[in-house]
Amino acid sequence: MQRWSRTLIPTSKQAPGDAEAPSHILLARGGFIRRVAAGVYDYLPLAWRTLRKIEGIVRDELNAAGASELLLPAVAPMDLLELTGRADEYGDLLFSFTDRHNRDVYLGPTHEEVITDLARGTINSYKQLPLNLYQIQTKFRDEFRPRAGLLRCREFIMKDAYSFHMDVDGPGGLGEGYDAMYSAYENIFTRCGLDFSIVEAEAGPIGGSASHEFMVNCESGEDTILTCPATGYAANVEKCEIGERAAPSKGWFGGGPSGNLDKVHTPECPGIEEVCKFLKVKPRHMLKTVVFEVEEFAKIETKFVAGDGKISLRVSREQQVEEMLNGPDSGLYPHFRWVVAVVRGDHEVNEGKVRDLIGHNVVLAESKCAEAAGFSIGYVSPRAPVKTDHCFLLVDRDAAVGFDDNSGKPMFWVTGGDEQDYHVKHFNWGRDLGSDAATESADASGFVRVGDVRNAEAGDPSPRDAGATLEAHRGIEVGHIFKLGDKYSRAMDFAIMDEKQERRPVVMGCYGIGVSRTLAACVEMSHDENGIVWPMALAPYHVIITVMKADDANAIGVADNLAGELADAGFDVLIDDRDERAGVKFKDADLIGVPIRLTIGDRALAEDSVEFKLRADPGKGELVKMSGVVAACQKAAG
RNA sequence: CGGGGCGUAGCGCAGUUUGGUUAGCGCACUUGACUGGGGGUCAAGAGGUCGCAGGUUCGAAUCCUGUCGCCCCGACCA
């Protein structure tokens, strides 16, 4: 048991002025956290108690799943990250510095390299696999913009687990280990009392690997998830497929124009929204064109090569691109540099789908580079690729339409004029693309392709059930499990002998839980206008005993006795012994969200009772005989 | 990284435009009295390098220059 007066719970009526998210406001007001720097927080005693409870559940379930806890260092040599190329990949997200001997070191944002380094030095037989190792530790990511208190911060607590296998399939394989973690995660979040969804997630550039995210269901979440009510399919919007739809009756790009191509002056209207407002058209009649650059070209930097021994020669980016596209080694590189993706104005381009369709990583083109290549950024039309070398055109199914089967009329499209401050009306694919687009699209070697390029949205056909439509919800990602494959073991040369005496790279999985984010997500999910409403499993205290008269030795004595009994029964008890007015104590108890409140005052004491109230229930509570209090609490705790 | 904004008491803010007594207000804090079941009342107090550095001036929270920190929006819809 703990007395309020002897711990630190600095509640406040006012939240910091910059707090906006409910979890940020309530955790700050409730005296759980305090900001030290941007995205860096103190965890005060209440927060720490809850964090320890989350950790306890995590440990319990992971141990039960056969994983072993260890602790890796937060500081690691940069050399490790350079082995896998992630030093560059992380870039500024990494907290890094040089030590006194001028060695580059970093604070771990995650630990694939460190654990692989450990594993390759200690595991040398297939007989040692499978193995699952995890840790609970502070992680560091120098986010550009930390926000919403603990939901996105620069220093946070994470559980990260890594599994090692000889094979992907079969007994002891990655699939089996992955499934075990999947179940463990289900157990963990269920035991935490969270309302969550499991969704298919974007697996990233490592093709084919499975990945799932565990999302706390909450409309204020940063992530959009789509679900199919008929089949239970659920996916992150970054990943979600869209069900097949019939091709338009006149074929892709088919159908005559809706009118003469009409060039209109649209000053300072680079965005869909501005154009629609200016021209009074709906976004669904716009063709939105987004210019991407294939990553291999985008990441080129100006380099210096040896010259005559004294002066190094500067090789510009453009020169290198030219070399890669047309030089003798051009076969080693993609044969196009630009990708123009076209979607309907009311849709959003999905970068992952673009990547999958063309088979290369892409990044949004930097405006300057794209403009140098002839794109009028803000006013690009689907015709731009025709006039640009090494450019691929990717058109979404909903945009590659020339005839509107619903209205029986030609599609009316507005799109960019390929000229600063100009758009065109009555764009027609067949007439204006300047080539036989339909033929091109059927031919894999052509520069045009039609496909699923956009983000799914509510109302789209389900990819798993022909009749069903997708629903959209929001969520907060608290867990992510991932089949890594051999990405890290290959990069770090971690291969061991199998039973056939063949040396093979080890197959890995990784599994993360944002422990501190889980705390915040729980508050986002479960609060009311008076404060936090903790589920029993995560509450910093299960019971708060509110003593009405803190200077009444008898009342305090009763509270102590009761707290002792409850503690013996396994409850965490906080006694509010502060010399405050009743209103203050009740407000604070509600604010910090303790599930059970027992009030000791004259009226109840006269009847040898206490007032029993659940945080989640409205109203004033009821009198319970002293002898029945423990039983009542046990009943409430389930 | 682009745009916008803010740094004044533990927290939330006013004052800065137009330089001028001792820099204010609310909450919180301390002491006392009254009060006593949903953020009390009265009284008395304590608490400030006005982010930092430099400059202008008889005089700077206020004007100028620089710098640091923080927040919001956008950065994938051009």
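Just so it is clear, the model here is predicted, and its values are computed rather than measured. Every chain is numbered from 1 and lettered A, B, ... according to where its sequence line falls, protein lines coming before strand lines.
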Rounded to whole Å, please give me the gap between CG in A/Asp42 and P in B/rC11.
13 Å
Which residue lies toward the 5' end of RNA chain B, A/Pro146 or A/Val349, if each is placed at its nearest nucleotide?
A/Pro146
Nucleotide by nucleotide, 5' to 3', does protein get under 4.0 Å of the base (B), only the sugar-phosphate (S), or neither (-) in nucleotides 35-44 of chain B, counting heavy atoms?
BBBBBB----
Provide, to the nearest angstrom, the distance between the CG atom belonging to A/Leu44 and the P atom belonging to B/rC11.
14 Å
Show your reasoning for whether salt bridge (charged side-chain N to carboxylate O under 4.0 Å, His left out) applies to A/Arg152 and A/Glu222.
CA-CA 10 Å; A/Arg152 180 171 295 279; A/Glu222 273 189 313; 3.1 Å; yes
Between A/Tyr541 and A/Arg49, is there a cation-pi geometry (under 6.0 Å to ring centre, at most 45° from the normal)?
yes
P-based separation of B/rC29 from B/rC70 [nearest Å]:
30 Å
pair_partner(B/rU16), Watson-Crick or wobble, both distances < 3.5 Å, evaluates to none
Between B/rU16 and B/rG59, how many Å separate the two P atoms, rounded to a whole number?
22 Å
Would you mind building the protein contact string for nucleotides 45-53 of chain B? One character per nucleotide, 5' to 3', B for base within reach (heavy atoms under 4.0 Å), S for sugar-phosphate only, - for untouched.
---------
C1'-based separation of B/rG7 from B/rA44 [nearest Å]
33 Å
In the strands shown, is B/rU67 matched to any nucleotide by a Watson-Crick or G-U wobble pair with both distances under 3.5 Å, and which?
B/rG51
Which whole-number value in Å describes the distance from A/Gln14 CD to B/rG26 P?
13 Å
Can a donor-acceptor pair be found between the side chains of A/Ser23 and A/Glu524 at a distance below 3.5 Å?
yes
Pick the C1' atom in B/rA28 and in B/rG15, then give their distance to the nearest Å.
22 Å
Please determine if A/Asp398 and A/Arg284 form a salt bridge, counting it only when a charged side-chain N lies under 4.0 Å from a carboxylate O.
no
Interatomic distance, A/Ile9 CD1 vs B/rG10 P [rounded to whole Å]
22 Å
Reckon A/Pro16 touches a base, only the sugar-phosphate, or nothing at all at heavy-atom distances under 4.0 Å?
sugar-phosphate
Give the minimum heavy-atom separation between A/Lys549 and A/Ala555, together with the two atoms involved.
O-CB, 4.2 Å
Can you list every pair that meets side chain to side chain donor-acceptor pair (under 3.5 Å) and has a residue in residues 11-22 of chain A, with sequence neighbours left out?
A/Thr11-A/Asp588
Exactly one of A/His473, A/Glu457, A/Arg474 clears side-chain hydrogen bond (donor to acceptor under 3.5 Å, both in side chains) with A/Thr224, and that residue is A/Arg474
Salt bridge check, A/Arg597 against A/Asp576: does any charged N sit closer than 4.0 Å to a carboxylate O?
no
Return the orientation label for the A/Phe95 and A/Phe140 ring planes: parallel under 30°, perpendicular over 60°, tilted otherwise.
perpendicular
Residue pair A/Arg35/A/Glu348 against RNA chain B: nearer the 5' end by closest nucleotide is A/Arg35
In whole angstrom, give the distance that lies between atom CG of A/Leu151 and atom P of B/rC71.
15 Å
Starting from P on B/rC72, measure out to CD1 on A/Ile25 and report it in whole angstrom.
12 Å
Could you tell me whether A/Arg454 and A/Asp346 have a side-chain N and a carboxylate O separated by less than 4.0 Å?
no
Could you work out the separation of B/rG48 and B/rA9 based on their P atoms and round it to a whole Å?
10 Å
Atom CZ of A/Arg154 and atom C1' of B/rG69 are separated, to the nearest Å, by 11 Å
A/His24 NE2 to B/rC71 C1': how many Å, rounded?
11 Å
